[in-house]
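In what follows, every chain begins at residue 1, and chains take the letters A, B, ... in the order their sequences are listed. Just so it is clear, the model here is predicted, and its values are computed rather than measured.
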Amino acid sequence: MTYKATKVVIITEKIIFDGVAEIIEEAGGTGYTVVAAGGKGSRGVRPTNRASVVDAFRNVKVEVIVSSHEIAEQITDRVAARYFDDYSGITYLEDVEILRPHKFHH
Amino acid sequence: MTYKATKVVIITEKIIFDGVAEIIEEAGGTGYTVVAAGGKGSRGVRPTNRASVVDAFRNVKVEVIVSSHEIAEQITDRVAARYFDDYSGITYLEDVEILRPHKFHH
Amino acid sequence: MTYKATKVVIITEKIIFDGVAEIIEEAGGTGYTVVAAGGKGSRGVRPTNRASVVDAFRNVKVEVIVSSHEIAEQITDRVAARYFDDYSGITYLEDVEILRPHKFHH
């Protein structure tokens with residue numbers, strides 16, 4: 001038996017991770033996963049060579065699973081509004097099925 | 001031409017990775033991907049500060065693509081039953097489209 | 001307000017990352033995310049023990065979000081055609097909802 005939930009993915013600069021985590025917690029997210037990431041943004045951030053992209057993991061990919069699409073949009077909206085004028089970042093949502101809804105509920 | 005498949009994602013403590021891999025292989029998964037992950041669980045695991053969450057990657061995010069939803073649920077059920085009373089973890093499923101189904105079939 | 005988009009995921013050997021990035025850029029992808037990954041392939045790549053899988057991150061997981069399913073398939077087709085006879089790899093697509101479509105458009 002599985003339940004529908006929404007995964008919020010935020011890929012952004014590592015230095016604003018604290019603020020992103022704060023927004024997640026304020027919105028009711030009780031857990032999140034963080035992975036070190038590199039990459040090339042759409043704003044013309046161009047490292048000298050591609051190999052350096054892989055090695056220089058200055059970004060984080062943060063994932064949080066929430067029970068409602070509304071909370072998910074709240075998180076993405078707030079992260080974008082607070083940070084994406086000044087920092088590189090992208091955020092998107094995915095539908096997931098989870099086994100145990102109580103793991104991320106209050 | 002793409003084919004529907006199911007991605008199983010298991011985020012849990014690194015120390016039980018061997019057992020998780022065993023369950024995947026027993027269920028017929030012929031390949032998986034592992035990424036080092038940090039994060040904050042829903043059980044009140046609270047590192048002293050958020051920055052340490054990013055750097056202390058004591059978790060793993062394991063992903064496996066299987067051809068049937070039934071096998072996917074089997075893997076999540078077994079991982080949860082065997083480990084999630086004693087270890088932190090979350091597991092969820094996502095629909096994916098793959099290019100080459102023979103890559104993960106027996 | 002969110003918009004539908006397609007996420008292309010390519011998990012393959014780190015040494016061909018430059019070529020994969022080239023294919024993404026040629027197809028019009030303006031940004032991508034890279035994460036270091038380990039794993040076990042479906043071709044019988046068997047490390048001596050499972051723990052080494054976690055520590056030896058010789059693979060990369062590359063993700064790119066594109067506005068059309070057609071571009072997504074173009075990327076996966078080209079990566080598979082150019083590399084997957086000679087290198088391990090898997091590629092798949094996922095539906096996502098993004099907040100800001102202009103972030104990955106030309």
Gap between atom [atom2] of [Y] and atom [atom1] of [X] - 0.5 Å precision:
X: C/I90; Y: B/I98; atom1: CD1; atom2: CD1; value: 6.0 Å
X: B/I24; Y: C/K40; atom1: CD1; atom2: NZ; value: 9.5 Å
X: B/E97; Y: C/Y92; atom1: CD; atom2: OH; value: 12.5 Å
X: B/D95; Y: C/E94; atom1: CG; atom2: CD; value: 9.0 Å

Quick one: closest heavy-atom pair of C/A37 and B/T33, and the distance?
CB-CG2, 3.7 Å
Kindly give the heavy-atom pair with the smallest separation between B/V35 and C/A36, and that separation in Å.
CG2-O, 3.7 Å
Between C/K61 and chain B, with a heavy-atom cut-off of 4.5 Å, which part of the residue counts as in contact: side chain, backbone, both or neither?
side chain
